[in-house]
Every structure is written in C-alpha cells, then in structure tokens.
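Here the structure comes first, spelled out in structure tokens, and everything after it is commentary.
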Amino acid sequence: MEELSEMPEIETQVVTLETEVKGFADGLPYWAKYLAEKILKGNIITDAELNTSYSYLLEELTLIPATAKPEIAINYNGGNSGD
C-alpha cells in the first residue's frame with residue numbers, strides 16, 4: 001500500500017474541439033498557419049491574404065529572401081463553426 005501513496009499524481013488534460021484545433025493549427029507551416037488564423041477568426045480570405053501566404057510559402061522553400069514575420073496566435077472562435 002505504501003507504493004500507491006508514493007506515486008506522483010497524473011494530470012489529465014481535457015481534450016476539447018478547441019484544443020484539438022489549436023494543436024493542429026500550431027503544427028502547420030507558417031504560411032498555412034497564417035491562413036488558419038484568419039479562417040478560425042471567422043474572416044473571409046482575401047486575395048491579398050492569399051498572396052501574403054504564398055509569399056510565406058516561397059520564403060519557406062527559400063525561393064525568395066526571408067522577411068520578418070509577425071507572431072501568430074491561433075484562437076478558435078466556436079461561434080463561427082455553425083451546426
């Protein structure tokens with residue numbers, strides 16, 4: 001019985017749709033993460049955003065020089081998910 005009391009507590013993390021979406025989006029390459037952020041905020045992707053994302057892809061492939069990129073924070077908006 002003493003062995004049971006010495007075992008460390010195991011933290012259980014609740015997996016929700018939001019945590020799964022964030023985990024998936026955080027694992028995307030920067031150019032895709034850029035678009036995912038826009039989509040998950042409920043925005044419609046514009047041609048300008050597609051062009052920006054394409055430029056990030058070209059940078060990742062080292063076809064054009066790298067530029068400074070803003071930090072991306074993935075926030076899931078469940079209200080935009082519909083039924």
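Everything quoted here is computed from the prediction, not taken from an experiment. All residue numbers refer to positions in the sequence shown, counting from 1.
Remark: L57 CG to L63 CG distance equals 8.0 Å, nearest 0.5 Å. In this structure, the separation between CH2 on W31 and CG on L58 is 11.0 Å, given to the nearest 0.5 Å. Between the OG1 atom of T52 and the CG atom of D47 there is a distance of 10.5 Å, given to the nearest 0.5 Å. Atoms CD and OG, on E60 and S55 in that order, are 13.0 Å from each other to the nearest 0.5 Å.
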Under the criterion side chain to side chain contact (heavy atoms under 4.5 Å, CB included), I'd like the reasoning laid out for N43 against I45: C-alpha separation, chi angles, the key distance, then a yes or no. CA-CA 6 Å; N43 299 334; I45 302 299; 5.8 Å; no
Set out, in order, the CA-CA distance, both residues' side-chain angles and the distance that settles side chain to side chain contact (heavy atoms under 4.5 Å, CB included) for I39 and I44, then state yes or no. CA-CA 7 Å; I39 292 168; I44 295 173; over 6 Å; no
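Taking hydrophobic clusters as Ile, Leu, Val, Met, Phe, Trp and Tyr residues chained together by side-chain heavy-atom distances below 4.5 Å, L61 shares a cluster with Y56. Residue F24 is not grouped with residue L35 when hydrophobic side chains (ILVMFWY) are merged at heavy-atom distances under 4.5 angstrom, including chains of intermediate members.
For the residue pair L28 and K33, the shortest heavy atom distance occurs at CB-N, 4.0 Å. Contact detail for E59 and P65: the closest heavy-atom pair is CG-O, 3.5 Å.
Within 6.0 Å of atom OH in Y30, more than 12 heavy atoms from other residues, nucleotides or ligands are found, so the atom counts as buried in its surroundings.
Salt-bridge annotation for K22 and E18: present, with a side-chain N of the basic residue lying under 4.0 Å from a carboxylate O of the acidic one.
In this structure a side-chain-to-backbone donor-acceptor pair under 3.5 Å is present from E49 to T46. No donor-acceptor pair under 3.5 Å is formed between the side chain of T19 and the backbone N or O of V15.
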